Amino acid sequence: MNSMKIRRTTVAVAAAALLPLSLAACSDSDSDTKAEPAATAEQPDKAGESTPAGDSKTGDQPFGPACAGVPKEGAGSFDGMAKDPVATAASNNPALSTLVTAVKQAGLVDTLNNAKDITVFAPTNDAFAKIPKADLDKVLADKNMLTQILTYHVVGQKLTPQQLQNGSFETLQKGMVTTTGSGETYKANETANVVCGNVRTANANVYIIDSVLMPK
């Protein structure tokens, strides 16, 4: 009988001694469990921080139906043109060969290549083809007239697509060119459509257009 009492007393004492240790272990386990979500909660924040950087690049790409015709690789590609000054870059784009011929005829290659931060509205070969051949030959033969027309296509600042939405800009020819549009659809002087816009060269932003602009 006495031995049974002694055993019960021993068990009770052992249980009392182990109880604080068990509670402490549970407490440590709970704190570990709570700490883990706090660490994982930081992950969405870090992922969210990278999103704006990706969004900021969205408006920096060339746009327009004619962009599909730009070479994918080489000096005439978008990456290649970005490395060269504008007259050199244009000479590597097959769709701008008539413009390049006119620029050389007018002696404007160095002027355009050495200019800083300009915008060029660049007529395609098809744009020049809209001009009757006799008239085009006459312009190409008249250096002064050709220079006036070509410099009318150049603005002395880099224009973003947003600035083209409802803009009026002085050209190197000293006349004014107006622009309208939004999204990926823009016009210059209400007649020339931007068919491939926001093309970057080393010193210029280029908007390729489907008509030749005539000074007002």
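All figures in this text were calculated on a predicted structure; none of them were measured in a lab.
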Chemist: What's the shortest heavy-atom distance between R200 and N198, and which atoms?
Modeler: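 The pair with the smallest heavy-atom distance is NE-OD1, 3.3 Å.
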Chemist: Without hydrogens or angle criteria, can the side chains of N203 and K116 be said to hold a donor-acceptor pair below 3.5 Å?
Modeler: no
Chemist: Under the rule for side chain to side chain donor-acceptor pair (under 3.5 Å), what residues qualify as partners of S182, not counting sequence neighbours?
Modeler: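 Counting only residues at least two positions away or on another chain, S182 forms no side chain to side chain donor-acceptor pair (under 3.5 Å).
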Chemist: Determine which pairs satisfy disulfide (SG to SG under 2.5 Å) with at least one residue from residues 129-193, sequence neighbours left out, and list them in order.
Modeler: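 Qualifying pairs, neighbours excluded: none.
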Chemist: Considering only residues two or more places apart or on different chains, which pairs with a residue in residues 68-150 satisfy disulfide (SG to SG under 2.5 Å)?
Modeler: none
Chemist: Would you tell me whether T88 and N113 have side-chain atoms, one donor and one acceptor, within less than 3.5 Å of each other?
Modeler: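 Their side chains do contain a donor-acceptor pair, which is all the 3.5 Å distance test asks for.
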Chemist: Once you round to the nearest 0.5 Å, how far does CD of Q148 lie from NZ of K143?
Modeler: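 One gets 13.0 Å once the value is rounded to the nearest 0.5 Å.
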Chemist: Check for me, please, whether L172 and M176 land in the same ILVMFWY cluster - side-chain distances under 4.5 Å, paths through other members count.
Modeler: no
Chemist: So M81 and V199, do their side chains get closer than 4.5 Å, heavy atoms only?
Modeler: yes
Chemist: How does the hydrophobic cluster around Y186 look, that is, which other residues are in it when side-chain heavy atoms under 4.5 Å mark a link?
Modeler: F63, F121, Y152, V155, L159, L164, F169, V177, V194, Y207, I209, L213
Chemist: Can you name the nearest heavy-atom pair linking L112 to I118, along with the distance?
Modeler: O-CD1, 4.0 Å
Chemist: For K138, I'd like to know if atom NZ has over 12 heavy atoms of other residues, nucleotides or ligands within 6.0 Å.
Modeler: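 No, not enclosed.
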Chemist: For the CG atom of L96 and the OG1 atom of T101, what is their distance to the nearest 0.5 Å?
Modeler: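 The OG1 atom of T101 is 11.0 Å from CG of L96, to the nearest 0.5 Å.
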Chemist: Does N93 offer a backbone N or O that forms a donor-acceptor pair with the side chain of S97 under 3.5 Å?
Modeler: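 No; judged by distance alone, with no hydrogens or angles, the pair does not exist.
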Chemist: Just by modelled atom types, is the P94 backbone N or O under 3.5 Å from a matching donor or acceptor in the N125 side chain?
Modeler: yes
Chemist: May I ask you to decide whether K133 forms a salt bridge with D137, counting only side-chain N to carboxylate O separations under 4.0 Å?
Modeler: yes
Chemist: Side chains of N193 and S211: any donor to acceptor distance under 3.5 Å?
Modeler: no
Chemist: Does T151 use its side chain to pair, donor to acceptor, with the backbone of T147 at less than 3.5 Å?
Modeler: yes
Chemist: Is there a donor-acceptor contact under 3.5 Å from the side chain of D84 to the main chain of A202?
Modeler: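 No, the answer is negative, given that no donor and acceptor are paired below the 3.5 Å cut-off.
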Chemist: I need the minimum non-hydrogen distance between I149 and M214, along with the two atoms involved.
Modeler: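 Heavy atoms only, the tightest pair is CD1-CE, 3.7 Å.
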Chemist: Nearest 0.5 Å, please: how far is CG in L140 from CE in M145?
Modeler: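 It is 11.0 Å, given to the nearest 0.5 Å.
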Chemist: Which pairs, with at least one residue in residues 124-216 and sequence neighbours excluded, count as a disulfide (SG to SG under 2.5 Å)?
Modeler: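 Checked against disulfide (SG to SG under 2.5 Å) - neighbours excluded - the pairs reaching residues 124-216 are C67-C196.
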Chemist: Determine yes or no for a side-chain-to-main-chain donor-acceptor pair under 3.5 angstrom, with N114 supplying the side chain and D110 the backbone.
Modeler: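 Yes: the side chain of N114 pairs with the backbone of D110.
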Chemist: Linking directly or through intermediates, with side-chain heavy atoms under 4.5 Å: list the remaining ILVMFWY members grouped with V100, chain and number order.
Modeler: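 When side chains under 4.5 Å apart are linked, V100 ends up in no cluster with other residues.
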Chemist: Taking all non-hydrogen atoms of both residues, which atom of L136 and which atom of I131 are closest, and how far apart?
Modeler: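 Looking at all heavy atoms of both residues, the closest pair is N-CG2, 3.8 Å.
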Chemist: Any idea which heavy atoms bring Q163 and Q157 closest together, and the distance?
Modeler: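 Here Q163 and Q157 meet closest at NE2-OE1, 3.9 Å.
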Chemist: Is the number of heavy atoms from other residues, nucleotides or ligands under 6.0 Å of K104 NZ greater than 12?
Modeler: no
Chemist: Verify the distance criterion only: is there a donor paired with an acceptor across the side chains of N205 and T119 at less than 3.5 Å?
Modeler: no
Chemist: Flag the pair S77 / K72 as yes when at least one side-chain heavy-atom distance between them is below 4.5 Å, and no otherwise.
Modeler: no
Chemist: Please name the pair of heavy atoms, one in V70 and one in G76, separated by the smallest distance, quoted to 0.1 Å.
Modeler: CG1-O, 3.4 Å
Chemist: Run the side-chain contact (heavy atoms from CB on, under 4.5 Å) test on V212 and H153 for me, step by step, so that the C-alpha distance in whole Å, both residues' side-chain angles and the decisive distance to 0.1 Å come before the verdict.
Modeler: CA-CA 9 Å; V212 177; H153 289 74; 3.9 Å; yes
Chemist: Is there a side-chain contact between T178 and N189, using heavy atoms and a 4.5 Å cut-off?
Modeler: yes
Chemist: If you apply the rule side-chain contact (heavy atoms from CB on, under 4.5 Å), what do you find for T201 with V206, and how did you get there?
Modeler: CA-CA 7 Å; T201 73; V206 178; 3.8 Å; yes
